[in-house]
Amino acid sequence: MVTPYHIILASNSPRRKELLAGLDLDYEVKVLPDIEENYPKDLPTAEIPVYIAAEKAAAYQSMMSDNDLIITADTVVVLGDEVLGKPANLNDACNMLRKLSGQTHQVITGVCLMTQKKQHQFAVTTDVTFKILTDEEIHYYVDTYKPLDKAGAYGIQEWIGYIGVTGLNGSYFNVMGLPVQRIYNELKVF
C-alpha cells in the first residue's frame, strides 16, 4: 500500500512494531517519555482505550510535520465491568489471571490516526475465553514470562495463550495490541 504520509508509530511495544511491520508499510517509531494513561473515572468502559489513544496522539501534535501521520493505540482487558490494565507486580498478575480463568472477557484496543489536519479514532473488540487455569499454570506463566507490560497480565502469543485460550471471537491481532486489519482499511481511506 502506498500512502502519502510519513507514518509514525507512537509506541514502544515490540508487538505493535511487529504487527505494523506486517502491513509492509514504511514507518518510524517515536516515543515521548512519561505520557499519562489516565482517563475520567465516569468514562464508559468501551471508550477508555479510544480516549487514551487520543490523549497519546495529542502529545505529539506540536512536533508533527505536514505529512506526518501518527498512530497511537491503547489496549484494555475488560471482565464484566472491571478494567484490567497492566499489573502492578507479579502477585497482581496472578490475581488477574485467576479472575480471567474459566471466563470470557473482552480485549478492546483503541486507535487514533492523526495528521495536522484531521484525526480519526476507533475501537476494535475481541472476545477471548480461557479454560480454567490451575494455580500451577498461572504461577509458571507469570514467573517465566513476567507479563507486567501487558493489559490483563497476559500475551495471547505466549505460552498462556497456547494452553489457556479455548475461544476467540474477533481479531487475534487486536488481542496482541494492534488491530492491523482495521488499521489497513482505515489508512486506505484516510
Side-chain angles (χ1 to χ4, degrees), residues 9-20 31 33-56 72-112 121-180 182-183:
L9 176 64
S11 176
N12 248 342
S13 165
R15 291 161 302 282
R16 288 189 178 127
K17 292 174 194 175
E18 173 189 347
L19 290 169
L20 191 59
V31 180
D34 304 323
I35 295 178
E36 293 292 323
E37 295 188 7
N38 298 322
Y39 55 89
K41 295 303 171 200
D42 61 343
L43 197 63
T45 305
E47 295 177 22
I48 292 170
V50 172
Y51 179 90
I52 294 173
E55 289 291 301
K56 288 178 181 178
T72 58
D74 188 72
T75 301
V76 296
V77 170
V78 180
L79 180 62
D81 290 331
E82 184 179 3
V83 175
L84 303 177
K86 295 174 184 171
N89 53 49
L90 297 179
N91 189 50
D92 192 27
C94 288
N95 289 334
M96 285 185 185
L97 290 171
R98 282 187 196 98
K99 288 179 182 181
L100 296 174
S101 176
Q103 303 291 321
T104 297
H105 62 276
Q106 288 69 49
V107 177
I108 307 169
T109 300
V111 177
C112 182
Q121 304 162 110
F122 59 89
V124 174
T125 301
T126 304
D127 293 331
V128 180
T129 303
F130 269 105
K131 74 172 191 147
I132 296 174
L133 300 167
T134 66
D135 264 359
E136 181 182 35
E137 291 165 336
I138 289 170
H139 284 287
Y140 172 79
Y141 174 70
V142 169
D143 292 343
T144 304
Y145 290 86
K146 314 266 189 278
L148 300 180
D149 64 335
K150 295 173 178 66
Y154 78 92
I156 195 168
Q157 72 281 7
E158 296 175 337
W159 183 84
I160 199 78
Y162 295 173
I163 66 100
V165 173
T166 60
L168 187 75
N169 184 12
S171 168
Y172 173 83
F173 299 114
N174 184 55
V175 181
M176 284 181 66
L178 200 64
V180 287
R182 175 77 183 267
I183 288 173

Residue pairs passing the salt bridge (Lys or Arg N to Asp or Glu O under 4.0 Å) test with at least one member in residues 86-109, sequence neighbours excluded, are Glu82-Lys99, Arg98-Asp135
Check your understanding: For Gly177, does its backbone N or O pair with a side-chain atom of Arg16 as donor and acceptor, under 3.5 Å?
Key -> yes
Dump the intermediate steps for side chain to side chain donor-acceptor pair (under 3.5 Å) on Asn174 and Thr109, then the final yes or no. CA-CA 6 Å; Asn174 184 55; Thr109 300; 2.9 Å; yes
Tyr51 meets the ring pair (Phe, Tyr, Trp, His ring centres under 6.0 Å) criterion, sequence neighbours left out, with none
Hits for side chain to side chain donor-acceptor pair (under 3.5 Å) against Gln121, two or more places apart or cross-chain, chain-then-number order -> none
- Query: Any side-chain heavy atom of Val142 sitting closer than 4.5 Å to one from Ile160?
  - Reply: no
| Between Leu168 and Thr129, is any pair of side-chain heavy atoms under 4.5 Å apart? | no
Between the SG atom in Cys94 and the NE2 atom in His139, the distance rounded to the nearest 0.5 Å is 4.5 Å
Per side chain to side chain contact (heavy atoms under 4.5 Å, CB included), Tyr39 is matched among Ile48, Val50, Asp74 by Ile48
Between Val77 and Ala151 the two heavy atoms that sit nearest each other are CG2-O, 3.5 Å
**OP:** Under the side chain to side chain contact (heavy atoms under 4.5 Å, CB included) rule, what do Leu100 and Leu79 come out as? Steps first, then yes or no, please.
**Re:** CA-CA 7 Å; Leu100 296 174; Leu79 180 62; 4.3 Å; yes
Interatomic distance, CD1@Ile35 vs CG@Asn38, rounded to 0.5 Å, equals 12.0 Å
Closest non-hydrogen atoms of Ile108 and Ala123, given as atom of the first, atom of the second and distance, are CG2-CB, 4.0 Å
Sorted by chain and number, sequence neighbours left out, salt bridge (Lys or Arg N to Asp or Glu O under 4.0 Å) with Glu55 holds for none
Next on the checklist: Applying side chain to side chain contact (heavy atoms under 4.5 Å, CB included) to Val111 and Thr72, what does each step give before you reach the verdict?
Outcome noted: CA-CA 6 Å; Val111 177; Thr72 58; over 6 Å; no
Tightest non-hydrogen contact, residues Ala153 and Pro147, listed as O-CG, 3.3 Å
For residues 33-51, the salt bridge (Lys or Arg N to Asp or Glu O under 4.0 Å) pairs (sequence neighbours left out) are Glu37-Lys56
| task | Could you give me the CA-CA distance, side-chain angles and deciding distance for Tyr172 and Val128, then say whether side chain to side chain contact (heavy atoms under 4.5 Å, CB included) is met? | result | CA-CA 9 Å; Tyr172 173 83; Val128 180; over 6 Å; no
Residues passing the side chain to side chain donor-acceptor pair (under 3.5 Å) test with Asn169, sequence neighbours excluded, are none
Interatomic distance, CG@Leu178 vs OG@Ser13, rounded to 0.5 Å, equals 8.0 Å
Here the salt bridge (Lys or Arg N to Asp or Glu O under 4.0 Å) pairs for residues 149-177, sequence neighbours left out, are Arg15-Asp149, Lys150-Glu158
Do Thr45 and Val83 touch side chain to side chain, with heavy atoms closer than 4.5 Å? yes
Those residues at least two apart in sequence (or on a different chain) that pass ring pair (Phe, Tyr, Trp, His ring centres under 6.0 Å) with Tyr141 are Tyr145
Applying ring pair (Phe, Tyr, Trp, His ring centres under 6.0 Å) to Tyr140 and not counting sequence neighbours gives Trp159
Quick note, ring pair (Phe, Tyr, Trp, His ring centres under 6.0 Å) partners involving residues 72-93, not counting sequence neighbours, are none
- Verify, without hydrogens or angle tests, whether Ser101 (side chain) and Leu133 (backbone) share a donor-acceptor contact under 3.5 angstrom. yes
Output for pair (Met176 CE, Thr126 OG1), nearest 0.5 Å, gives 12.5 Å
Please evaluate residues Gln106 and Val76 with respect to the criterion side chain to side chain contact (heavy atoms under 4.5 Å, CB included), reporting the C-alpha separation (whole Å), side-chain torsions for both, the decisive distance (0.1 Å), and the verdict. CA-CA 8 Å; Gln106 288 69 49; Val76 296; over 6 Å; no
Lys146 meets the salt bridge (Lys or Arg N to Asp or Glu O under 4.0 Å) criterion, sequence neighbours left out, with none
Here the ring pair (Phe, Tyr, Trp, His ring centres under 6.0 Å) pairs for residues 87-112, sequence neighbours left out, are His105-Phe130, His105-Tyr154
Residues Thr166 and Lys131: closest non-hydrogen pair is CG2-CB, 3.6 Å
Value for CG (Asn95) from CG (Asn91), rounded to nearest 0.5 Å, stands at 5.0 Å
